[in-house]
Amino acid sequence: MVDLGDVKAALHLYLRETREDLIWKLDGLSERDARLPRTATGNNLLGALKHCLNVEALYFGPTFGREFPTPEELVPLAAFDEDPQADWYARDDETKDGLVDTYRRVGVFADQTIEELPLDAPGLVSWWRPGAQAVTLHQIITHVTCDLARHAGHMDIMREQHDAAVGVRQKSSNIPDGYDWPAYVTRLTKLADRFG
């Protein structure tokens, strides 16, 4: 049981839970369905996961003078000069299971950084604008958790669009059971149409 009165422990818990929520959104999907663009800008479930694993590896690695043990599995910063979306899709030589495995190892790597350093440990985010690059571990845990939570929301919607699978967590959906969703949607549509 995590002591939520311990700031570092609480922040770390929310980060780990959000990471697991992201991975869970890929459960049961085929390679095609995991990769299939779901929005006009190409957002896809596997690409969102790949982005998040790179975010964690960079923020909890180089920011604090550490390097992920197999950096060739990550998208290097230089790749973004050629393709600003380089970490938002899986290449044809990457698989869903492979990226999930990489993310789990990135999670262990990020957790080590968090466990080994105090919240006020200084870091440097080289890709941020000059004057804003100096950070603390506390700031980075918060920043990364917010970023991952935003993408978990994207994945929630993309997964619901795909097969109506909903829920914030595997063990606790936070969605009412047995609810008449078609009637609810009809009611909301009628309400919106009053303003049309």
Side-chain angles (χ1 to χ4, degrees), residues 12 14-64 66-114 125-128 140-171 173-175:
H12 197 181
Y14 288 118
L15 173 65
R16 286 192 314 266
E17 285 181 347
T18 303
R19 184 187 303 140
E20 288 303 314
D21 296 341
L22 292 163
I23 292 169
W24 171 57
K25 287 299 173 177
L26 292 169
D27 274 4
L29 293 179
S30 68
E31 283 288 336
R32 180 184 186 277
D33 289 338
R35 297 165 179 267
L36 190 66
R38 307 279 173 187
T39 71
T41 56
N43 279 328
N44 62 89
L45 288 150
L46 190 54
L49 181 96
K50 182 177 174 180
H51 170 75
C52 290
L53 78 84
N54 278 280
V55 163
E56 282 204 63
L58 286 171
Y59 279 110
F60 293 109
T63 298
F64 296 99
R66 299 184 69 220
E67 184 175 355
F68 187 62
T70 52
E72 67 277 4
E73 294 183 274
L74 305 174
V75 178
L77 285 175
F80 296 104
D81 293 337
E82 186 177 319
D83 180 3
Q85 292 294 103
D87 68 341
W88 279 99
Y89 61 92
R91 299 182 317 260
D92 60 1
D93 63 332
E94 295 173 317
T95 65
K96 179 184 81 165
D97 289 345
L99 287 172
V100 167
D101 176 68
T102 302
Y103 197 10
R104 290 199 183 284
R105 288 182 288 113
V106 163
V108 169
F109 172 77
D111 291 346
Q112 288 170 343
T113 299
I114 294 166
V125 183
S126 65
W127 57 95
W128 284 8
I140 291 303
I141 297 171
T142 304
H143 177 83
V144 171
T145 303
C146 288
D147 191 43
L148 268 54
R150 181 175 186 175
H151 298 312
H154 295 150
M155 291 178 76
D156 286 340
I157 292 167
M158 289 189 284
R159 184 64 192 251
E160 183 175 357
Q161 288 174 332
H162 170 68
D163 62 5
V166 296
V168 297
R169 306 223 132 68
Q170 189 169 17
K171 294 178 182 172
S173 72
N174 204 31
I175 303 293

Practice problem: Return the orientation label for the Phe60 and Phe64 ring planes: parallel under 30°, perpendicular over 60°, tilted otherwise. | Solution: parallel
Quiz item: Do Arg104 and Glu20 sit within salt-bridge range, that is, some charged N less than 4.0 Å from a carboxylate O?
Solution: yes
Quiz item: Any idea which heavy atoms bring Ala34 and Lys96 closest together, and the distance?
Solution: CB-CD, 4.0 Å
Quiz item: Would Asp101 and Arg105 pass as an ion pair if we require N to O under 4.0 Å?
Solution: yes
Exercise. Mind listing the closest non-hydrogen atom pair of His51 and Asp87 along with its distance?
Key: ND1-OD2, 2.8 Å
Quiz item: In Å, rounded to the nearest 0.5 Å, how long is the span from CD of Glu160 to CZ of Arg38?
Solution: 12.5 Å
Quiz item: Among Thr95, Leu26, Asp33, Val100, which one satisfies side-chain contact (heavy atoms from CB on, under 4.5 Å) with Leu46?
Solution: Leu26
Quiz prompt | Test side chain to side chain contact (heavy atoms under 4.5 Å, CB included) applied to His143 and Val55, step by step | solution = CA-CA 10 Å; His143 177 83; Val55 163; 5.9 Å; no
Quiz item: Are Leu15 and Ile114 close enough that some pair of their side-chain heavy atoms sits under 4.5 Å apart?
Solution: yes
Self-check item: Between Phe80 and Trp88, ring centroids under 6.0 Å
Solution: no
Self-check item: Stepwise side chain to side chain contact (heavy atoms under 4.5 Å, CB included) test for Leu58 and Trp127
Solution: CA-CA 10 Å; Leu58 286 171; Trp127 57 95; 3.6 Å; yes
Self-check item: Nearest-0.5 Å distance, CG of residue Leu49 to CH2 of residue Trp24
Solution: 14.5 Å
Quiz item: Do Arg19 and Asp111 touch side chain to side chain, with heavy atoms closer than 4.5 Å?
Solution: yes
Practice problem: May I ask you to decide if Gly42's main-chain N or O and Asn44's side chain share a donor-acceptor pair within less than 3.5 Å? | Solution: yes
Exercise. For side chain to side chain contact (heavy atoms under 4.5 Å, CB included), just list the numbers for Ile140 and Val125, CA-CA rounded to whole Å, side-chain angles, deciding distance to a tenth of an Å, and then say yes or no.
Key: CA-CA 9 Å; Ile140 291 303; Val125 183; 3.9 Å; yes
Quiz prompt | Step-by-step side chain to side chain contact (heavy atoms under 4.5 Å, CB included) determination, Leu22 to Leu53 | solution = CA-CA 10 Å; Leu22 292 163; Leu53 78 84; over 6 Å; no
Self-check item: Within-4.5 Å side-chain heavy-atom neighbours: Leu148 and Asp21
Solution: no
Self-check item: Rounded distance [0.5 Å steps], OG1 in Thr70 versus CZ in Phe109
Solution: 9.5 Å
Quiz prompt | Rounded distance [0.5 Å steps], CE in Met158 versus NE2 in His151 | solution = 9.5 Å
Self-check item: Donor-acceptor pair, side chain of Arg35 and main chain of Ala90, under 3.5 angstrom
Solution: yes
Quiz item: Would you say Glu56's side chain and Val144's backbone share a donor-acceptor pair under 3.5 angstrom?
Solution: no
Self-check item: Main-chain N/O of Leu45 paired to Arg159 side chain as donor or acceptor, under 3.5 Å
Solution: no
Self-check item: Least distance between heavy atoms, Ala57 atom then Val106 atom
Solution: N-CG1, 3.7 Å
Quiz prompt | Taking every non-hydrogen atom, the tightest pair across Leu29 and Lys25 | solution = CD1-O, 3.7 Å
Quiz item: Between atom NE2 of His154 and atom SG of Cys52, what is the distance when rounded to the nearest 0.5 Å?
Solution: 9.5 Å
Quiz item: Where do Glu31 and Glu94 come nearest, in terms of heavy atoms and distance?
Solution: OE1-O, 4.4 Å
Quiz prompt | Heavy-atom closest contact (Ala149 atom, Thr18 atom, distance) | solution = N-CG2, 3.6 Å
Exercise. Return yes if some donor-acceptor pair links the side-chain N/O of Asn54 with the main-chain N/O of Lys50 below 3.5 Å, else return no.
Key: yes
